[in-house]
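Notes for the one structure printed next.
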2 protein chains.
Amino acid sequence: MKKLINNPADVLVESLKGVAAAHPELSVDLETSVITRATPKAEGKVTVVSGGGSGHEPLHGGYVGVGMLDAAVAGEVFTSPTPDRVQAATKAVDRGAGVLHIVKNYTGDVLNFEMAAELAQMEGIEVSTVVVDDDVAVQDSLYTAGRRGVGLTVLLEKIVGAAAEEGQDLAAVTALAQRVNAQGRSMGMALTSCTVPAAGKPTFDLPEDQMEIGIGIHGEPGRHREPLAPASDIARQLVEPILADLDFAGPAIVMVNGMGATPQIELYLMYAEVAALLEAAGVRIVRNLVGNYITSLDMAGCSVTVLKADDEILRLWDAPVVTPGLRWGA
Amino acid sequence: MKKLINNPADVLVESLKGVAAAHPELSVDLETSVITRATPKAEGKVTVVSGGGSGHEPLHGGYVGVGMLDAAVAGEVFTSPTPDRVQAATKAVDRGAGVLHIVKNYTGDVLNFEMAAELAQMEGIEVSTVVVDDDVAVQDSLYTAGRRGVGLTVLLEKIVGAAAEEGQDLAAVTALAQRVNAQGRSMGMALTSCTVPAAGKPTFDLPEDQMEIGIGIHGEPGRHREPLAPASDIARQLVEPILADLDFAGPAIVMVNGMGATPQIELYLMYAEVAALLEAAGVRIVRNLVGNYITSLDMAGCSVTVLKADDEILRLWDAPVVTPGLRWGA
């Protein structure tokens, strides 16, 4: 295992120390692994909390800041944060107008956020939840009943965060989150496995001449393995299942995302392939992201996310955002 | 070789197509591999051109935009762009107030930019040049007489780009570039080799239990190889040579940069180690970057850059920048 780490058991807390040192605009609680804004949102506004296992950076901690999340709760690598930590984050950021939980659809996350929501509600905090389930690759998976939550989470956190920032109420913010989730789909692939620090060896074996189509962000099995193919063929295998699942004709926000070890030169090349396929199918790409936004440690590979857009979604997308992972307009 | 590409010979042009598709605010000339701003700077302002071999993305094309570069010239992977292309970029962006060339110190780049400057001057365009040579690892290297130009290039392009944007003249912009170069130092290391697409195999062999300290951004040999060590030890081996080379006591801008295949969770962990060492040595970190800013294709590893700052440098650092790779304040 080749990693820039000290003791594998300390990776999360030591990385959070770096986040704290690099970003004075964030508050990092090393006890609970909760990242919040150093300057909280005004009283009376909805706040937005997300979280999950670590290893997907910049998701979620890198999306805390003005215009996006109020708090992110980090579990150990690929391990859901416990309910008490999610509750602590919820309580810390509540400004009296309710809290939205954004949860990727993995069984552990869903259960723990559900329990945290109940605990928070017992203390008088109104909580609503959106479970993101955008991955068209497989119906059920290693850690998930139903579809997995993957790349769409990034876009949803941006758009919903903007709505909360401008003062929309909890019902409106929740409805928007449900709508974004309904209008977005993703699919990913891997060239290599990732290596969890505590395991010390690759999560799975993928021979030098093979790739896996439909992989999950923890290395869960995808649809199938096959011989390495050109980027144009890979793009087709990611785009076609997305288009088969939902009619995307019209304006869309598209993300080509790297899994952590894929260089930008390859991601741009993939974006050219993906954009050409989508546009040939009548999708008009009006905004895009190309880079490492939701990763799987040191996995090489990529994913494609397509979100059907409209004027309201685009207005919220373009609103100012100031986070370590996404920043524009301010 | 596991990469998201089609034909290895087409990587550059196909990646540039993706840049063009993703960034309507840029103009990409696929014939010359020159990236410029779609909306040129106002007449009468100094323009700034950089470039070099590809494979270091987001450097340089990802730094074209308001507040930073006016043009970037991309050579093939790890291959200097030819003089005629650099000349074409220079001519395309000249606004009558002279052009600054920012050149990383590699023999091919230095010669080709020099020839391009002469060609441009023959056409009446005033050109001045700064050669960045911040790498303290080795005195001469595989492709370089003198020190190599590495991470400081990113910081220099930001700061000098801001000075040109606000209307400083060519003499002032050039003097600033020389000053930034004199005040900054870098050093890097690799956990793995990179693989050049056209070569199809790793540039060098680095056994599973070894790392290389002082590596160049093309995989040029560094100072030495040694057994894999904890991040705290790696940080010390990068920071100490930098501090031994220049007195950095006082305010500084610090970058912990990933080589392309290093996940963000490890870069933040390294930043915590680096920041602690620097601050113990009297360096006060007032701004920082943690991420993939100057890469070596799919190499795993990192580099550290330290720039001695002052009020003027910080003012220019904080000025608005709108590029694919760096964006704030607008």
Side-chain angles (χ1 to χ4, degrees), chain A residues 2-7 11-12 14-22 54-55 57-58 62 77 191-192 194 208 211 228 230-232 234 256 260-273 275-276 285 288-292 295-298 300-302 322 324-325 327-330, chain B residues 2-7 11-12 14-22 54-55 57-58 62 77 191-192 194 208 211 228 230-232 234 256 260-273 275-276 285 288-292 295-298 300-302 322 324-325 327-330:
Chain A
K2 288 191 149 180
K3 290 185 184 290
L4 299 170
I5 62 172
N6 295 302
N7 185 333
V11 168
L12 174 58
E14 292 186 355
S15 183
L16 288 175
K17 281 183 187 170
V19 173
S54 295
E57 292 71 22
V77 170
L191 294 171
T192 69
C194 50
E208 185 56 31
M211 60 179 185
L228 269 181
S232 57
I234 295 170
V256 170
T262 299
Q264 195 74 17
I265 193 171
E266 295 178 35
L267 295 177
Y268 275 122
L269 191 152
M270 279 299 298
Y271 182 75
E273 299 287 353
I285 306 179
N288 68 81
L289 291 178
V290 183
N292 289 291
T295 59
S296 304
L297 294 169
D298 52 353
C302 70
V322 183
R327 181 166 177 165
W328 59 68
Chain B
K2 287 192 151 181
K3 290 185 185 291
L4 299 169
I5 61 172
N6 295 303
N7 186 334
V11 168
L12 174 58
E14 291 185 355
S15 183
L16 288 175
K17 281 182 189 172
V19 173
S54 295
E57 293 70 22
V77 171
L191 293 171
T192 69
C194 50
E208 184 56 32
M211 60 180 184
L228 270 181
S232 58
I234 294 170
V256 170
T262 300
Q264 195 73 17
I265 193 171
E266 296 178 35
L267 295 177
Y268 275 122
L269 191 152
M270 278 299 298
Y271 182 75
E273 299 286 354
I285 307 179
N288 68 80
L289 291 178
V290 183
N292 289 291
T295 59
S296 304
L297 295 168
D298 53 353
C302 71
V322 183
R327 181 164 179 169
W328 58 69

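Throughout, a chain's letter reflects where its sequence line sits, starting with A, and its residues are numbered from 1.
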Item to check | Test log, rule side chain to side chain contact (heavy atoms under 4.5 Å, CB included), inputs B/Glu273 and A/Asn6 | outcome: CA-CA 10 Å; B/Glu273 299 286 354; A/Asn6 295 302; 2.7 Å; yes

Next on the checklist: Is B/Ile5 close to chain A through its backbone or its side chain, or both, or neither, when contacts mean heavy atoms under 4.5 Å?
Outcome noted: both

Item to check | Nearest heavy-atom neighbours spanning A/Tyr271 and B/Gly18 | outcome: CD2-O, 3.7 Å

Checklist entry - Between A/Ala20, A/Ala21, A/Gly62, A/Ser54, which residue shows the highest count of heavy-atom pairs closer than 4.5 Å to chain B? => result A/Ala21

Next on the checklist: Restricting to non-hydrogen atoms, name the atom on B/Arg327 and the atom on A/Gly329 that form the minimum distance, rounded to 0.1 Å.
Outcome noted: NH2-N, 4.2 Å

Checklist entry - Any idea which of A/Met211, A/Gln264, A/Glu14 has the most non-hydrogen atom pairs under 4.5 angstrom with chain B? => result A/Glu14

Item to check | Closest-packed option against chain B by number of heavy-atom pairs under 4.5 Å, given A/Leu267, A/Leu16, A/Val19 | outcome: A/Val19

Checklist entry - For the residue pair B/Glu208 and A/Lys2, what are the closest heavy atoms and their distance? => result O-CE, 3.2 Å

Next on the checklist: Please classify the contact between B/Asn288 and chain A as side chain, backbone, both or neither, with a heavy-atom cut-off of under 4.5 Å.
Outcome noted: side chain

Item to check | Expected output: side-chain B/Glu266 to main-chain A/Lys3 donor-acceptor under 3.5 Å | outcome: no

Checklist entry - What pair of heavy atoms forms the shortest contact from B/Ser15 to A/Ile265, and how long is it? => result OG-O, 2.9 Å

Checklist entry - What part of B/Ile234 gets closer than 4.5 Å to chain A, counting heavy atoms only: side chain, backbone, both or neither? => result side chain

Checklist outcome for this item: When the 4.5 angstrom heavy-atom criterion is applied to A/Val290 and chain B, the contacting part is side chain

Next on the checklist: Could you work out, with ring pair (Phe, Tyr, Trp, His ring centres under 6.0 Å) as the rule, every residue matching B/Tyr268, not counting sequence neighbours?
Outcome noted: A/His23

Next on the checklist: Out of A/Ser296, A/Gly55, A/Ala22, return the one with the most heavy atom pairs under 4.5 angstrom to chain B.
Outcome noted: A/Ala22

Checklist entry - Under a 4.5 Å heavy-atom cutoff, which of A/Leu289, A/Val322, A/Leu297, A/Ile285 has the most pairs with chain B? => result A/Leu297

Next on the checklist: Out of A/Pro324, A/Ser232, A/Pro58, A/Ala275, return the one with the most heavy atom pairs under 4.5 angstrom to chain B.
Outcome noted: A/Ser232

Checklist entry - Where on A/Val11 is there a heavy atom nearer than 4.5 Å to chain B: the side chain, the backbone, both, or neither? => result both

Checklist outcome for this item: A/Ala300 meets the side chain to side chain contact (heavy atoms under 4.5 Å, CB included) criterion, sequence neighbours left out, with A/Leu191, A/Thr192, A/Ala261, A/Thr262

